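See structure below.
In this text, all values refer to a predicted model and were calculated from it rather than measured experimentally. Quick note on labels: first sequence line is chain A, next is B, and so on, each numbered from 1. Computed from heavy atoms alone, side chains included, the values below leave out hydrogens, waters and symmetry copies.
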Number of protein chains: 2
Amino acid sequence: MRKRPVNLSNTLPHLGELELTLLQALWAQPEQSALRLQQELPRAQQCSLSTVQSTLERLHRKMLVRRRRQGHAYVYCARLGRAELLGKLLGGVIRQLHTGSLDPILSSFVDFADKIDEHTLDRLDELVQKRKLSRFEGD
Amino acid sequence: MRKRPVNLSNTLPHLGELELTLLQALWAQPEQSALRLQQELPRAQQCSLSTVQSTLERLHRKMLVRRRRQGHAYVYCARLGRAELLGKLLGGVIRQLHTGSLDPILSSFVDFADKIDEHTLDRLDELVQKRKLSRFEGD
DNA sequence: TGAAACACCGACCGGCGATCGGTTTTTGCG
DNA sequence: CGCAAAAACCGATCGCCGGTCGGTGTTTCA
């Protein structure tokens, strides 16, 4: 009775609005039931329990949430942290457009960081340095 | 007779496969007609001229290509370079998931760069340094 | 002036996210 | 045990989008 996973193609998973909202909720508080998630939906997105359930089912097939039975009900939690998902999506976008050389991607990102405000580029620099250092102790 | 632009929502533009292929072709060689684009389509994606035309029309509505009449035919060129589009898409993904703090995004990206191979992080570092320097002369 | 080139229009298909109501299964209580 | 509540499960519908095409009109030029 198992359902086939979706997104067999090469495209990035394209999250819908409700899907995203539910993920956010699970990040804020892991291990929630469909009912609980439905009840804590923001005004603007209230919908029936069925809708929440089938959206969770979709997320499950996308392997973005894990679920575990508790009694006869499911309890859900996100499989990936926000940062990991972000990384995955970035990777997807990048894979769509990359052409062998990574430079355009890196410089696009540097560009992006620089455009945000004056501090962001420095912050990026710090993180790069930190990561470079941790390559020694790390592995 | 003008058509309304699509994608009035907040989501990122989600490019289809053919759309992407056509953009790539226009990056490789700007100023091409629909016919020419159709003829140079890779085997795997050959389709009728009509299809190419309507896909270009969609790209036009998405404001991703500009077109100019030459005789009674159109000649297309990409509005954004590959790097710019990448930046836009990255921005879209990031906007979907960001939560005020940019740190998770930056560190996701550093993570991403580090995972590719041993040199990429260093290359990113170089680009950051270069950009930081160019802030003096630049503006 | 007639044929070729091409834009333009409308139709259809399949996939997906959102939405819901009805049906079945599980469970816990009196 | 039997029943009502809870929740999963199932399937249907909707609207949008990308891809696909054929037919029709319009422009151009030999």
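- Atom-to-atom, CZ of A:R69 to C1' of D:dA7 comes out at 9 Å; the value is rounded to the nearest Å.
- Summarising the geometry, the separation between CG on B:L49 and P on D:dC21 is reported as 11 Å, rounded to the nearest angstrom.
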Throw together a table of side-chain donor-acceptor distances under 3.5 angstrom for residues 19-28 of chain B, partners on residues two or more places apart or in other chains.
from	atom 1	to	atom 2	distance (Å)
B:E19	OE1	B:G16	N	2.7
B:E19	OE1	B:K62	NZ	3.0
B:E19	OE2	B:R58	NH1	3.1
B:E19	OE2	B:K62	NZ	3.0
B:T21	OG1	B:E17	O	2.9
B:T21	OG1	B:Q45	OE1	2.9
B:T21	OG1	B:Q45	NE2	3.1
B:Q24	OE1	B:R82	NH2	2.6
B:W27	NE1	B:L80	O	2.8

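- The phosphate of D:dG19 has OP1 or OP2 within less than 4.0 Å of a side-chain N or O from B:R58.
- Separating the CZ atom of B:R68 from the P atom of C:dA7 is a distance of 13 Å, rounded to the nearest angstrom.
- In this structure, B:V75 stands alone, with no Ile, Leu, Val, Met, Phe, Trp or Tyr side-chain heavy atom under 4.5 Å from its own, directly or through other members.
- Residue order along DNA chain D, read from the 5' end via each residue's closest nucleotide, puts A:Y76 first among A:Y76 and A:S54.
- Taking the side chain to side chain donor-acceptor pair (under 3.5 Å) definition, one finds that B:D122 meets it with A:K132, A:R135, sequence neighbours left out.
- Annotation: salt bridge (Lys or Arg N to Asp or Glu O under 4.0 Å) contacts involving residues 20-31 of chain A, sequence neighbours excluded, comprise A:E31-A:R68.
- Within the 4.5 Å cutoff, side-chain heavy atoms of B:Q32 are placed close to those of B:E40.
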Grab the N/O contacts between the protein and nucleotides 22-28 of chain D below 3.5 Å, and write none if there aren't any.
from	atom 1	to	atom 2	distance (Å)
D:dG22	N7	B:S50	OG	3.3
D:dG22	O6	B:S50	OG	2.9

Side chains of residues 108-115 of chain A: which donor-acceptor pairs under 3.5 Å do they make with residues two or more places apart or in other chains?
from	atom 1	to	atom 2	distance (Å)
A:S108	OG	A:P104	O	3.0
A:S108	OG	B:A83	O	3.0
A:D111	OD1	B:R131	NH1	3.4
A:D111	OD1	B:R131	NH2	2.6
A:D111	OD2	A:K115	NZ	3.0
A:D114	OD2	B:R131	NH1	3.0

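- Listed by chain and residue number, A:C77, A:R79 satisfy the side-chain contact (heavy atoms from CB on, under 4.5 Å) test with A:R66 (two or more places apart in sequence, or in another chain).
- In this entry the distance linking CG of B:L20 with C1' of D:dG18 reads 13 Å, nearest Å.
- Residue B:H60 contributes atom NE2, which lies 13 Å from atom C1' of C:dA7 at whole-angstrom precision.
- The residue among A:L18 and B:A73 whose nearest nucleotide of DNA chain C is located toward the 5' end is B:A73.
- Dashed line: the shortest gap from a side-chain N or O of A:K62 to OP1 or OP2 of C:dC16 is not under 4.0 Å.
- Rounded to whole angstrom, the span from the CG atom of A:L23 across to the C1' atom of C:dG17 amounts to 14 Å.
- Nucleotide D:dG19 holds its C1' atom 13 Å from the CG atom of B:L56, rounded to whole Å.
- Apart from A:L49 itself, the hydrophobic cluster it occupies contains A:L35, where clustering links Ile, Leu, Val, Met, Phe, Trp and Tyr at side-chain heavy-atom distances under 4.5 Å.
- At whole-Å resolution of the value, CD in B:Q70 and C1' in C:dA5 are 14 Å apart.
- Ion pair B:R61/B:E57 flagged as a salt bridge, since at least one NZ, NE, NH1 or NH2 atom sits closer than 4.0 Å to an Asp/Glu carboxylate oxygen.
- Listed by residue number, B:L35 are the residues of residues 24-41 of chain B with a heavy-atom contact under 4.0 Å to DNA chain C.
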